[in-house]
Amino acid sequence: MGKSLSLGLCAAALLAAVGLAVEASAQRSDWWGGDPSAPATAPPPDAGRGGRLAAEACATCHGEDGDSPDPLYPKLAGQRAGYLHRQLLAFRSGHRRSDVMADVAAALSDADMADLAAFYSRQVRRPDAVDDRELAERGRQIFEGGHQPRMPSCAMCHGASSQGHMPMMGMRPMMSMMEDAPILNGQHAGYLVDQLRQFATGERQATTMMGMMMGRAASTLTEAEVRSVAEYLSGLP
């Protein structure tokens, strides 16, 4: 009963936090740095064109199909299109900092970004081999069950199988904000460790409510817990 009550309180707090974020985002239409001169009704994304753009601008680091073979660079294949588009906008506007990605994003129009996101979202991400199954099991326990009292589990936002779906009832009105939570399954462990460290130190800017929640969550994880969660996620199909 106590555990259920605690989970319910966490969910209620999360609902309130997300509601505030929705309201704040509605008041700032330029939050992600989109082009204010772009037409209100843009044509649907062209994944074929996105593939050509990806080959020209992105393949060197992220691989031809976005399933990056280099653990220094994230896998973009199979990621939610809306999330990818917003991250590119954030790189361009400076809400998310990266010297390399800022230059890349600066050369892209909003339509380019939408086409790239559509292309990558349709590709297949392959999981990495798990090197330490005991470490991965510990990571699963943290990811699904949490690691501290009153701290929501990672699965509350990223989903029990890391597909980015909130597994709680009554959350549908907030699902658009939940798209700020990326799909993490099969991502390189090294990249995940680096991003969690950046959230913990504030190096990765918390410019959204979800980002603020990630900063708080990451700052409470020990180095061993960070490594275990990353190991678990990297091997998920």
Side-chain angles (χ1 to χ4, degrees), residues 30-39 42-129 158 162-164 176 178-199 203-208 210-211 214 230 233-237:
D30 65 336
W31 181 263
W32 292 103
D35 182 359
S37 65
D46 184 339
R49 179 174 178 272
R52 295 189 291 273
L53 287 170
E56 296 171 4
C58 315
T60 300
C61 294
H62 296 288
E64 293 183 3
D65 59 356
D67 195 41
S68 167
D70 191 330
L72 290 177
Y73 304 108
K75 299 180 183 183
L76 306 181
Q79 188 57 265
R80 190 172 291 106
Y83 176 82
L84 290 173
H85 193 178
R86 283 191 296 277
Q87 294 309 301
L88 284 169
L89 289 170
F91 279 125
R92 187 175 67 187
S93 68
H95 283 120
R96 183 172 175 184
R97 289 194 295 258
S98 167
D99 292 339
V100 173
M101 284 304 304
D103 290 341
V104 173
L108 300 174
S109 68
D110 286 7
D112 292 339
M113 294 180 182
D115 291 347
L116 281 167
F119 166 72
Y120 282 125
S121 71
R122 300 181 186 187
Q123 307 310 303
V124 177
R125 184 188 304 183
R126 292 171 287 277
D128 291 340
H158 294 284
S162 191
Q163 293 300 308
S176 62
M178 289 303 102
E179 290 186 0
D180 282 343
I183 295 171
L184 301 179
N185 58 312
Q187 189 58 265
H188 292 306
Y191 178 76
L192 292 172
V193 167
D194 178 63
Q195 294 305 298
L196 283 168
R197 286 172 178 163
Q198 288 191 37
F199 273 120
E203 185 178 350
R204 182 162 173 179
Q205 294 170 286
T207 54
T208 67
M210 294 296 103
M214 273 305 306
L233 291 170
S234 69
L236 283 181

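Numbers here are sequence positions counted from 1.
In this structure, CG on L108 lies 12.0 Å from CZ on F91, to the nearest 0.5 angstrom. To the nearest 0.5 Å, atom CZ of residue R125 and atom NE2 of residue H188 are 9.0 Å apart. Going from atom OG of S98 over to atom CD of Q87 covers 11.5 Å, rounded to the nearest 0.5 Å. L233 contributes atom CG, which lies 12.0 Å from atom CD1 of I183 (distance to the nearest 0.5 angstrom).
Partners of D112 under the salt bridge (Lys or Arg N to Asp or Glu O under 4.0 Å) rule, at least two apart in sequence or in another chain, are R49. For Y73, there are no side-chain hydrogen bond (donor to acceptor under 3.5 Å, both in side chains) partners two or more places apart in sequence or in a different chain.
Looking only at distances, a side-chain donor or acceptor of Q123 sits under 3.5 Å from a matching main-chain atom of F119. A donor-acceptor distance shorter than 3.5 angstrom exists from the side chain of K75 to the backbone of G186, with no hydrogens or angles considered. The closest donor-acceptor contact from the side chain of N185 to the backbone of P237 lies under 3.5 Å. Between the side chain of D115 and the backbone N or O of P45 there is no donor-acceptor pair closer than 3.5 Å.
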For a quick test of your reading: what N or O donor-acceptor pairs under 3.5 Å do the side chains of residues 58-65 make, sequence neighbours left out?
residue, atom, partner, partner atom, Å
H62, ND1, P74, O, 3.0
D65, OD1, D67, N, 3.1
D65, OD2, R126, NH2, 3.3

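Contact check for M101 versus L88: side-chain heavy atoms found under the 4.5 Å cut-off. For the pair R92/M113, a side-chain contact is recorded, criterion being any heavy-atom separation below 4.5 Å from C-beta on. Residues L184 and L192 meet the side-chain proximity criterion, which asks for heavy atoms closer than 4.5 Å.
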Verdict with reasoning, Q205 to R96, per side-chain hydrogen bond (donor to acceptor under 3.5 Å, both in side chains) = CA-CA 6 Å; Q205 294 170 286; R96 183 172 175 184; over 6 Å; no
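Minimum heavy-atom separation, A189 to A230: O-CB, 3.5 Å.
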